[in-house]
Each structure stands twice: as structure tokens, then as C-alpha cells.
Amino acid sequence: MRQWISRSFLIGGVFLLVWLVVIYSWRTSNRLPSNIEVGAYFLGFPLLVLGTLWVGKKVLQTSRAASVGQASNEPAKPADNSNNAPCNEAIAHEFAVLATSLKTCHGMTSAEVLDKLKSGEARLELDESLVDDDGFPIPTGRIASLTVDESSNEFLTWQRSGKKPEIQWLTEDLRAIFLGGESLREILDEALAISQGHLQPSLQEQQGNSQGQLKNILDPITLEIFLRVPERWSNLQSIACSEWYRKIALDTTWPSENLRIQVLKKSPVQTQFEFLSNQFIEQQNLQKNSAIVVLAFESMIGDESVDSMQQAGVLVNGKNPTGKVPSEGAAALLVMKKLDAMSMGLKAEAYVNGVSQKRREQSITQDRRGKDGALRELTVQAMSTLSVSKEAIQSVISDTGNQINQTLELVALGTNLFPELDLAEDFFKLTEACGDLGGVASLATLALGFEQARNGASCVLCACNLDEHQRSIALIFPVQR
């Protein structure tokens, strides 16, 4: 929409300017123009000016694309092993995305959130319940439909039963646990449907056997569930939440012997890309027919979280318009090695490849001129190694926030590598639209990339530049590739 508005203003401005000049010329010369002159100057000349501008733009884009193409054909430089250990290994491997779940203030599914981003309606509203130190309400990414009643909270009731340690939970903690639980249930339902579909042919072949015999014959899918919990949590809180999620999984009738849950180690780097890369390339923890669920959940919708951000000087307000916006959400991915998925006959609608990461030499805050090209280098390397043309990538989804340097880095990526893409309509900045989601942001980026790839039938570049130093990218392809 913004693209059409800007073009309309340009066309109208050219016509208006030409008309004013022509009318002024006729008035000063006291000459009455002929019908042919009126048509030529009022219609033909403005169209000629617009055509010249269009041709000039195309020539400029072609020259830029040629220089980028030359850079893309150069052999990729070896990565620094200290910072990019999995990069070269990850490029040559691909894994299938079987299901996703995403919940933010702009929708409770990936499709809803993506529609909001595309329509330009993903706006953050002022939250009257949360204020800054001056008493003014702040914008938040609150999920309006989510309410937490501690007296009837299912998790608290379970936590207080038995001999479980007494833990103090904040309101935002309970909101995060609820959102994560909902995403986990959705993913488990998808996993159950996939597992039952995989087992169905064997069931038909073994109709005459007993259940005990079938259990020994069938090779069910093993689920590895990895949790990305809020950074502020203690070990006790993380363990209690993982036990609760195990109960949720077992309640869905998933076999306990085929279920493993563990909490990811806390890391200042807010990206799941490197984790996925390590799991599928090194394959240290994966068995045959194993699937991975990565689940991240977060909520900062509470007085304690707002006060903490205020004290750290990072909260968005009138004095700090580019500060962090408290938000909440959850994201989950169900993924499997592509070869396993194909051998089991599982239908995947998109595949992920080119997972790589690189550490910037200079922090994004200090790099005001955007000289560090880590994000561009990763993209060029992945495209070159996978033989992906620039034209194949039709959209870019990133976890970019509202800091100007992050946006400039993304703009530089677009103008240098993808001049044909519209920065307003083909680039989607998740954190800027949904608020600060913590560890959920990078996983949500992959979930949106999956949704865009399977619906748009084109390659999607997912990029992470929210961290001060770490940069990560992944390419998501539809099944047609």
C-alpha cells in the first residue's frame, strides 16, 4: 500500500510541476496554445519525464545487480572457526519443517501474524495497565485475549500438589508458561497426526497381531523437545516448567519412552539458528526417525519486567523512542532430517537450508555507518553454495527491532543484494512490529518464513540481526524446489 501511495505522489507531482511550468510559460508569452500543444505538454511531456525516470532507475538497478552478481560468484571465504564453527558444515544440509506454531499480539497463528505484517496493520498500542516512571502509559505487545487467574491456573494447581518445591511466580511468568503450553499442544497434535500416519501402513499389514507384538514391530517417532525459557528464570523455575510440559506431552498420549525434554542452556545470543544447525549437522543426539521440537516462550507484560527495563534504561518512552517494547509470545517448530522424513513418506511443505552464523567485528550500536557486512557475507555465501539466484528470493523476514542501526543494516542488505524487492512490502521486521519477544524472536522468524515459503511458493531469507554482534541467516524453500 505504501509503495502505491508513494508512486501516486510521484506521478501526481510530475504532472503538477510540468503543468505549472507550461501554464506560466504561456501566460508570460501571452500566446494561446493549439489543441496539439495542449495535449503534448499536458499529457505527452509528463509521461516522457516519468519514462525517463523509470529507465534511469532500471539502469541503476541493473548496474548494482551486476556488481552483486560478480561478488556472489566469487568463492566463499573460509569462516573463522572460533566464531562460525558450524557455518560451512550447515550450508550443505537440509531439514524438513513439518509444523509450526506462533502466538503474538498480532495473531495466534503464523498465518494471522503474517497477514498483519503484510497489510501494515501490525501496530503496537498503548497499554493503560503499564506505565513508565513518569506515569505515562507505554506501548506493549500484550495479547488481549490472554488472562491469568492465579486461583484457577492449571499450572499453579499442579505445582502446589505433591512434594514440589515452593516457587514464586510472577504474572508474566504464568503468561509465558500458558503461551508455551498452548504452542506445545498444537505441535504435539501435529506430531501425533504425523506419527499415526507413519504407523498406519504397518498397522494394516499387522492386523492379525496383538498390541504387544505390534509394539515390538513398529518404529515410532522419538520426540526431542528443547525449551528456550525466559532469561530471568532460575534453574528451579526452568525444571518446574519442563516437568509441566512433560505432563502436557504425556497427556496427549505420546509414549513416555519416545519423549525427551530438556532446557536449552542460557545464552546471550538470541537465535535458535545455531542450535538447529548443531543438532542436524553433528547429529550427536538424534536417532533414526527422531524429530525435534524447539519451543520458545516469553512474556514481559508485568510491572516487574517493566520496572527492570526502566532501571536498565532500555524501556521505550518519550525520552527513549527506540527503546525496547515489552511484549509476549511463543513459537515452536517441529523439524526432522530431510532424509528421515523422505524415507518415512512424511509430507513437508518447506525445507530449511543454508543455516549459518557469523559474529560482527563491531557491535551494531557502534557501527553507525553500516560498514560491517557480516549479514551480507552470510547471505552471499549461502546463495553461492546452494546455487540460489537473487531472483529466487522473494521476501526477507528478520527479527529486526526499532533501532535505526538495525534497520540500516537490513536496508543495506536489500539495496545491495535484492534491488528488485520493495523494502516496505517484501521486508518484514518482526520485533519492530510485535515488540521485544526475547528468545522467541528468532524462532518466530523461522515460523513466519515457513508460512511465507509454503504459501508463496518462493524462497524466503530469514535473518537475525537483533543481537549486538551475532548474525544468522537461513533459507527456506518450498517443496517444489
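Nothing fancy with the numbering, it's 1 onward along the sequence. Being a predicted model, the structure only gives us computed values, none of them experimental.
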From Gln406 atom CD to Thr322 atom OG1, the distance as rounded to the nearest 0.5 Å:
9.5 Å

Contact between Pro139 and Val316 at the side-chain level, heavy atoms closer than 4.5 Å - yes or no?
yes

Set of residues satisfying side-chain contact (heavy atoms from CB on, under 4.5 Å) with respect to Ala348, sequence neighbours excluded
Ala96, Leu98, Tyr351

Show your reasoning for whether side-chain contact (heavy atoms from CB on, under 4.5 Å) applies to Thr431 and Lys324.
CA-CA 9 Å; Thr431 301; Lys324 293 184 177 181; over 6 Å; no

My understanding is that only residues two or more places apart in sequence, or in another chain, count here; which of them pass side-chain hydrogen bond (donor to acceptor under 3.5 Å, both in side chains) with Asp134?
none

Applying side-chain contact (heavy atoms from CB on, under 4.5 Å) to Leu334 and Val97, what does each step give before you reach the verdict?
CA-CA 6 Å; Leu334 174 63; Val97 182; over 6 Å; no

Any residue meeting salt bridge (charged side-chain N to carboxylate O under 4.0 Å, His left out) with Asp132, in chain and number order, not counting sequence neighbours:
none

Distance col, row Ile138:CD1 vs Leu124:CG, nearest 0.5 angstrom, shows 11.0 Å

Pairs flagged by ring pair (Phe, Tyr, Trp, His ring centres under 6.0 Å) wherever residues 297-347 is involved - sequence neighbours left out
Trp233-Phe297, Tyr245-Phe297

Closer than 3.5 angstrom, by distance alone: can the side chain of Ser238 be matched with the main-chain N or O of Ser234 as a donor-acceptor pair?
yes

Nearest heavy-atom neighbours spanning Val440 and Gly329
CG2-O, 3.7 Å

Just by modelled atom types, is the Ala412 backbone N or O under 3.5 Å from a matching donor or acceptor in the Asn416 side chain?
yes

Is it the case that more than 12 heavy atoms not belonging to Phe427 sit under 6.0 Å from its CZ atom?
yes

Under the criterion side-chain contact (heavy atoms from CB on, under 4.5 Å), I'd like the reasoning laid out for Glu432 against Thr400: C-alpha separation, chi angles, the key distance, then a yes or no.
CA-CA 6 Å; Glu432 182 183 75; Thr400 305; 6.0 Å; no

With no hydrogens and no angle check, is any side-chain donor or acceptor of Asn353 less than 3.5 Å from a backbone partner on Leu475?
no

Do the side chain of Asp426 and the main chain of Asp422 share a donor and acceptor less than 3.5 angstrom apart?
yes

Carboxylate-amine/guanidinium proximity below 4.0 Å for Lys358 and Glu361:
no

Using a 4.5 Å cut-off on heavy atoms from C-beta on, say whether the side chain of Ile397 contacts that of Leu461.
no

Check: Gly180 main-chain N/O paired with Ser183 side-chain donor or acceptor under 3.5 Å:
no

Show, in sequence, the C-alpha distance, side-chain angles and deciding distance for Val335 and Val352, and conclude whether the side-chain contact (heavy atoms from CB on, under 4.5 Å) test is met.
CA-CA 9 Å; Val335 291; Val352 180; 6.0 Å; no

Looking at every non-hydrogen atom in both residues, tell me the closest pair between Ala331 and Leu443 and how far apart they are.
O-CD2, 3.2 Å

Residue pairs meeting ring pair (Phe, Tyr, Trp, His ring centres under 6.0 Å), one or both in residues 129-149, sequence neighbours left out, come to none

With distance as the sole test, does Trp254 use its side chain to make a donor-acceptor pair with the main-chain N or O of Asn258 at under 3.5 Å?
yes

Positive for salt bridge (Lys or Arg N to Asp or Glu O under 4.0 Å) with Glu409, one of Arg360, Lys429, Arg376:
Arg360

Can you list everything that forms a side-chain hydrogen bond (donor to acceptor under 3.5 Å, both in side chains) with Ser299? Sequence neighbours excluded, please.
Glu328

What is the minimum heavy-atom distance between Gly414 and Leu423, and which atoms define it?
CA-CD2, 4.3 Å

Let's go through Arg260 and Glu257 carefully: what are the C-alpha distance in whole Å and the side-chain angles of both, what is the deciding distance for salt bridge (charged side-chain N to carboxylate O under 4.0 Å, His left out) to 0.1 Å, and is it a yes or a no?
CA-CA 8 Å; Arg260 299 183 182 88; Glu257 63 271 17; over 6 Å; no

Are the side chains of Thr157 and Asn153 in contact, using a 4.5 Å heavy-atom criterion?
no

Glu182: which residues meet the salt bridge (charged side-chain N to carboxylate O under 4.0 Å, His left out) condition with it, sequence neighbours left out?
Arg185

Gln452 side chain to Lys118 side chain, donor-acceptor N/O pair below 3.5 angstrom
yes

Say you draw a straight line from CZ of Arg175 to CE of Met300; how long is it, rounded to the nearest 0.5 Å?
13.5 Å

Which residues satisfy the side-chain hydrogen bond (donor to acceptor under 3.5 Å, both in side chains) test with Thr140, sequence neighbours excluded?
Asp127

For Ser442 and Asp399, does a side-chain donor sit closer than 3.5 Å to a side-chain acceptor?
no

Glu468: which residues meet the salt bridge (charged side-chain N to carboxylate O under 4.0 Å, His left out) condition with it, sequence neighbours left out?
none

Between Pro321 and Asn402, which heavy-atom pair has the shortest distance, and what is it?
O-ND2, 3.8 Å

Sub-4.5 Å side-chain heavy-atom contact between Trp169 and Ile167:
yes

Output for pair (Met336 CE, Phe95 CZ), nearest 0.5 Å, gives 12.5 Å

Among Ile225, Ile261, Val229, find the one that has a side-chain contact (heavy atoms from CB on, under 4.5 Å) with Ser242.
Ile261

The side-chain hydrogen bond (donor to acceptor under 3.5 Å, both in side chains) partners of Glu298 (sequence neighbours excluded) come to Arg232

Can you tell me how far apart CG (Leu188) and CD1 (Ile248) are? Round to the nearest 0.5 Å.
8.5 Å

Could you give all pairs that pass the side chain to side chain donor-acceptor pair (under 3.5 Å) test and reach residues 305-319, with sequence neighbours left out?
Glu172-Ser305

Paired with Leu448, the side-chain contact (heavy atoms from CB on, under 4.5 Å) test is passed by just one of Leu114, Thr100, Thr104, namely Leu114

Val293 side chain reached by Leu333 side chain, heavy atoms, under 4.5 Å
no

Are any of the side-chain heavy atoms of Trp158 and Glu243 separated by less than 4.5 Å?
yes

If you measure from CD1 on Ile473 to SG on Cys464, what distance do you get to the nearest 0.5 Å?
10.0 Å

Scan residues 97-117 for pairs that pass salt bridge (charged side-chain N to carboxylate O under 4.0 Å, His left out), counting only residues two or more places apart or in two chains.
Lys103-Glu186

